[in-house]
Amino acid sequence: MSSIVTNRRRLLQGLGAVLGTAAASQLLGEQAIKSAFCYTKNVNSYKIDGRVFTKNQMIILHSIVGQIIPTTDSVGATDVDCHGFIDHQLANVHTAVEQKNAVSLVNKMNEMSVKRFQLEFYLCNDQQQLALLTDAEQARNGFNQVDRANLKFIKNLTVFGFCTSEEGALKFLKYLPVPGGYQGSVPYEQIGRAWSSKAYY
Amino acid sequence: MKETKYINESSEVYDVIVIGSGMTGGWAAKEFCEKGFKTLMVERGRVVEHRKDYIAEGKAPWQYENRTKVDNLLVEQQYKIQKQCYAFHDGTKHFFGNDRDLPYTTKDGTEFSWIRANQLGGKSLLWHRQSYRLSDYDFKANKADGVGNDWPIRYKDLAPWYDYVEKFVGISGNYDNLPQLPDSQFLPPFEMNGPEKSFRQKMAGTFPDKPVIISRCAHLTEPQQIHVELGRMKCMARNECQKGCSFGAYFSTQSATLPAAARTGNLYIAPNSVVESLIYDEATNRLKGVRVIDNDNLTQREYYGKLVFLCASTIGSTQILLNSKTNKFKNGLANSSGVLGKYLMDHNYNSRTSADIDGFEDEYYIGRRPAGLYVPNFYYEPSKYHKGFKRGYALSGGAYREDWQSFGHADGFGESFKNKLQHPGKWKIGLQAQGEMLPNPDNQMTLHATKKDKWGIPQIEFNVEWSDNERKMMENSVEVASEMFEKAGFKNIQGYATERPPGIAIHEVGTARMGRDPKDSVLNGYNQAHDIPNLFVTDGASFSSSAVVNPSLTFMALTARAVDYAVKEMKNRRI
């Protein structure tokens, strides 16, 4: 069982111990306790400790997601807090092993950055960051297949976080909650962007 | 639900007790209520009201705590089995059973995935809605190849009842005129997309025995008066189905049978009532009612009725019978044959083949279609069997364009990667096998000798395994689908057979099978217990073979037919 899960249990048990279970429920309500763990967008989340990543790791993760989906004429991953979302999602949905793998990749990116450029990853310029990320993805120049797999995992979470965010789904992709029926053959130019809506993911 | 009457304590003797409120129970209640019988529907779970209790319907992904994924702590504690279902996510989890409260065991070395939906409406809220008739070949299959006992009915016996239920349910589909897959009473079919139409055309010339058709599903593409008067509307192609559909566009207890039953004024519902056993009177050889345990406070109570329709799901119904032991029926009620609990079957969904389709870059679609492609079973009689195995399988799937969900692992960064996410990728196609599982007495469910659930009811122990026949079928399905894709000119063909445990197709059938001979079957050809005249089991437990097609439509037709028979028998005072 993950340490995060254990921590959440401890917190709930702790609240109960301090206030008494009934009192804790009355004061906070189940929903309030739940909302303490609910993901809310905070683009500045990289400036503070996360639940899985430390503050220093969050800064690096912020740079990584920014290189995966940069801000262009449309919003990018950092604009929708993909870094904060990944920290939240890892803590709530993923296993301890997956959490460890994600942290390990972030640390590896920084280690390689210091080794190659004598700079922390987040202080590198775009070119340097992209070179390191590309090497990690290709498992070369000091990166191995494990690093590649870990990077792909973070990349997948970034894409998921971005495309299921309100801005990503509504503005970057095309969202149609009530299509009104099914049409099997429509010219793509009539739609113009990929559908974001799937109902379940 | 207008005029629905919820009850708790009652000493009244109802005309009929219907146990269960899913696909089958809903139909039994509707039919009896419409025929003027005062009907008590006994449901083990909570009340779910149409529209009001569809709490996740219409929520956008960003409005979920974890973007539709379920909290790992919750999964660990309550949904370790249920999470295996493709439809399990944060917007549907409240319609799945809680594994913590619903424990079961499996015999050493075996596995069984038991998906539950214990609330008013049962699995009719969660089902995949694909709806097909069994053919005469299916009803004759056991006799034709000698595996299992002969169904006591033939297609002609059920055909008018398929007609009857289909008009009420609303089945979209195309009139395909195939001997192995009889047409239903259809509403207009869903469309195929561009590559699917092309595939269908190519296959028609190359593999005339493997027609590619649009699947048939219980969605209103063109609502009729019979649907509209219940407040049902056209399918919006949202793919919100398993969250509950306020349009009532797909068939469920809540959208259709319950309001139809309720408007008669004859429907009474006892929710939160876990049936522990049936009350049997040895002197008259009749059931008198049911013993229930309150779902919440565990107190006991009884309900009384002149007739019992057991519609608690294949496994649920048989569990109740096995647990209803009397002096006469020491191994479970209506079990003089000794076959109760045996011949448990599911469908085998353990293969998938996919390929890339070149071209069609200018083609896209609007909406999330609840239907797909379907290739009906082509090994449907012994003369057509593959030499390596008995019976056959259907293929189902469809063509779609890759999108951001496929690109999360693609190489690349920056603007070009971002641009890739914004547009659909190449067309892909996939076909999954839906194989028949042979009836086998060794595949069975029994009551555990010592372990009980929180209601004090013995837990079920499953002992179910795939045989080599099913394994070979899956391997063959990969070869066949690959060959079809190859002839169609598709690229990058990839197929694999897996071995997920039985249960996960959620098409469990058998365990209280129909038959002509009381010595080797539990039910007669009208779903009536051979041993006890006022007991009917009309859900999947009654199946003598699994056939290939999705079974729910047949549950409905069997139930409507059984009610018609039971009413005549009551009038003639034989029950």
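Model, not experiment: these values are computed from the prediction. Chain identifiers are assigned alphabetically (A, B, ...) following the order of the sequence lines, protein sequences preceding nucleic acid strands; residue numbering begins at 1 within each chain. For the numbers below, each heavy atom of this structure counts, side chains included, while hydrogens, waters and symmetry mates do not.
- Of the two parts of A:Leu157, neither the backbone nor the side chain holds a non-hydrogen atom closer than 4.5 Å to a non-hydrogen atom of chain B.
- Contacts of B:Val75 with chain A are absent, with no heavy-atom separation under 4.5 Å from either backbone or side chain.
- The nearest pair of heavy atoms linking A:His88 to B:Asn66 is NE2-OD1, 2.7 Å.
- No part of B:Glu196 comes within reach of chain A, as not one of its non-hydrogen atoms sits under 4.5 angstrom from that chain.
- Among all heavy-atom pairs drawn from A:Thr164 and B:Trp62, the shortest one is O-CB, 3.3 Å.
- Contact annotation for A:Gln89: only side-chain heavy atoms (C-beta onward) come within less than 4.5 Å of a heavy atom of chain B.
- Of all residues spanning residues 177-194 of chain A, those with a heavy atom less than 4.5 Å away from chain B's heavy atoms are A:Pro177, A:Val178, A:Pro179, A:Gly180, A:Gly181, A:Tyr182, A:Gln183, A:Gly184, A:Ser185, A:Val186, A:Pro187, A:Tyr188, A:Gln190, A:Ile191, A:Gly192, A:Arg193, A:Ala194, arranged by number.
- Residue with the most contacts toward chain B among A:Val159, A:Thr158, A:Val93: A:Val93 (heavy-atom pairs, distance under 4.5 Å).
- Considering every non-hydrogen atom in both A:Phe160 and B:Lys69, the closest pair reads CZ-CE, 3.8 Å.
- Scanning residues 116-144 of chain A against chain B with a 4.5 Å heavy-atom cutoff picks out A:Leu130, A:Leu133, A:Thr134, A:Glu137, A:Gln138, ordered by number.
- When the heavy atoms of residues 214-224 of chain B are compared with those of chain A, none of the residues falls under 4.5 Å.
- More than 12 heavy-atom neighbours from other residues, nucleotides or ligands sit within 6.0 angstrom of NZ on B:Lys202.
- Residue-level contacts of residues 408-420 of chain B with chain A, in order of numbering, are B:Gly408, B:His409, B:Ala410, B:Asp411, B:Gly412, B:Phe413, B:Gly414, B:Glu415, B:Phe417, B:Lys418; threshold 4.5 Å between heavy atoms.
- Under the 4.5 Å side-chain criterion, counting only non-hydrogen atoms from C-beta, A:Asn92 is in contact with B:Glu65.
- A:Trp195 places no side-chain N or O within donor-acceptor distance of the main-chain N or O of B:Ile366, the cut-off being under 3.5 Å.
- Counting non-hydrogen atoms of other residues, nucleotides and ligands closer than 6.0 Å to NZ of A:Lys152 gives a total above 12.
- Ranking B:Met192, B:His423, B:Arg369, B:Gln63 against chain A, the residue ahead of the rest is B:Arg369, based on heavy-atom pairs under 4.5 Å.
- Proximity of B:Trp404 to A:Phe162: side-chain heavy atoms (C-beta onward) are nowhere separated by under 4.5 Å.
- With B:Phe407 as the aromatic partner, A:Lys155 does not meet the cation-pi criteria of under 6.0 angstrom to the ring centre and within 45 degrees of the ring axis.
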